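Along the sequence shown, residues carry numbers from 1. Bear in mind the structure is a predicted one, so any value in this text is a computation, not a measurement.
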Amino acid sequence: KGLPAAILMGVIHGAVRAVSAGWTGGNHPELTAHLNELLCTQTAANRYVTLFWGFLDGAGRTLRYVNAGHLPPLLMRRRPEGGAQVLKLEDGGPVLGLLPGAAYGSGEACLEEGDVLVAFSDGLSEAANAADEEFGCDRVIDAAAGRLGRPPSDVLAGILESVRSFTGSRTPGDDLSLLVLRAGRPRAD
């Protein structure tokens, strides 16, 4: 989205790093509110940011997160009987930078070995085909679900191939960001 968006992202990266130093495990919503106030006072009124950020506990089994207006990442788990269980990580609050004084909540997800986290930008879900139909979250889930037992790079490649096949030769209208992570075995401490 150009130079102004790139500058704003630089501000966000620095601010997230700065406030993360004060993270205590329970103050994630307060840190997010602090980021929001910073953006409300330091950026143009028509600029805002969606943000999903989380912290894993020391054993890597619990993800604590705040979703500030971002598309909910998907926590996917293979069911023993087949298919996938999908949890949308939605807890949080509004986008950052538009609403001074906004309150934020936090969410928590327990990770099991083999769970897959799929986070993506609206450039993926809003990618449209020739009929102007959007790819959507359900197609992201479908593209990932059949590959949950495979390496994260295969899950990512499968999602990207599905969206390319869906959109055909149509040029994307937005940038497309996608992150796929898999929970490993619990650490022995």
Side-chain angles (χ1 to χ4, degrees), residues 1-25 27-56 60 63-76 87-109 116-128 134-137 139-141 143-144 152-153 155-157 159-164 167 170-182:
K1 306 226 190 241
L3 185 59
I7 292 170
L8 183 56
M9 287 313 304
V11 169
I12 288 296
H13 285 179
V16 166
R17 286 180 186 210
V19 300
S20 293
W23 186 70
T24 64
N27 66 341
H28 209 167
E30 291 81 11
L31 294 176
T32 307
H34 182 70
L35 283 172
N36 181 58
E37 293 306 314
L38 173 72
L39 285 175
C40 284
T41 60
Q42 300 298 317
T43 61
N46 63 344
R47 294 282 175 192
Y48 65 91
V49 172
T50 68
L51 175 73
F52 177 89
W53 64 325
F55 293 92
L56 283 171
L63 172 66
R64 291 179 178 84
Y65 69 89
V66 174
N67 187 338
H70 195 70
L71 289 173
L74 309 169
L75 181 60
M76 302 179 72
L87 174 66
K88 293 182 179 182
L89 305 182
E90 301 175 300
D91 295 329
V95 298
L96 301 174
L98 284 182
L99 302 170
Y104 295 86
S106 63
E108 186 173 299
V116 173
L117 180 69
V118 179
F120 52 95
S121 66
D122 60 359
L124 178 71
S125 60
E126 294 176 0
E134 293 184 352
F135 189 68
C137 184
R139 286 189 180 90
V140 175
I141 292 170
S153 59
V155 177
L156 187 138
I159 294 169
L160 292 176
E161 177 54 37
S162 292
V163 76
R164 276 191 294 271
T167 58
R170 187 163 186 188
T171 304
D174 198 356
D175 62 290
L176 188 149
S177 299
L178 175 62
L179 173 71
V180 177
L181 304 170
R182 176 184 313 290

Indicate yes or no: at least one non-hydrogen side-chain atom of [X] is less than 4.5 angstrom from one of [Y].
X: T32; Y: W53; result: yes
X: F120; Y: C137; result: yes
X: L74; Y: L117; result: no
X: V155; Y: V180; result: yes
X: P72; Y: N67; result: yes
X: L63; Y: L75; result: no
X: S162; Y: R139; result: no
X: L39; Y: V49; result: yes

Determine whether more than 12 heavy atoms belonging to other residues, nucleotides or ligands lie under 6.0 Å from atom OH of Y48.
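Incorrect, the count does not exceed 12.
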For Y104, give me all partners under ring-ring contact (aromatic ring centres under 6.0 Å, His included), at least two apart in sequence or on another chain.
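Applying ring-ring contact (aromatic ring centres under 6.0 Å, His included) to Y104 gives none.
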Those residues that, when tested against E161, pass salt bridge (charged side-chain N to carboxylate O under 4.0 Å, His left out) (two or more places apart)
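With sequence neighbours excluded, E161 shows a salt bridge (charged side-chain N to carboxylate O under 4.0 Å, His left out) to R164, given in chain and number order.
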Mind checking salt bridge (charged side-chain N to carboxylate O under 4.0 Å, His left out) for E126 and listing every partner two or more places apart, or none if nothing turns up?
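Salt bridge (charged side-chain N to carboxylate O under 4.0 Å, His left out) check on E126 returns nothing, list empty.
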With rounding to the nearest 0.5 Å, note down the distance linking CG in D174 to OG in S125.
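It comes to 9.0 Å.
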Tell me if a side-chain donor or acceptor on S121 pairs with a main-chain N or O of S177 at a distance below 3.5 Å.
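Yes, the answer is positive, given that a donor and an acceptor are paired below the 3.5 Å cut-off.
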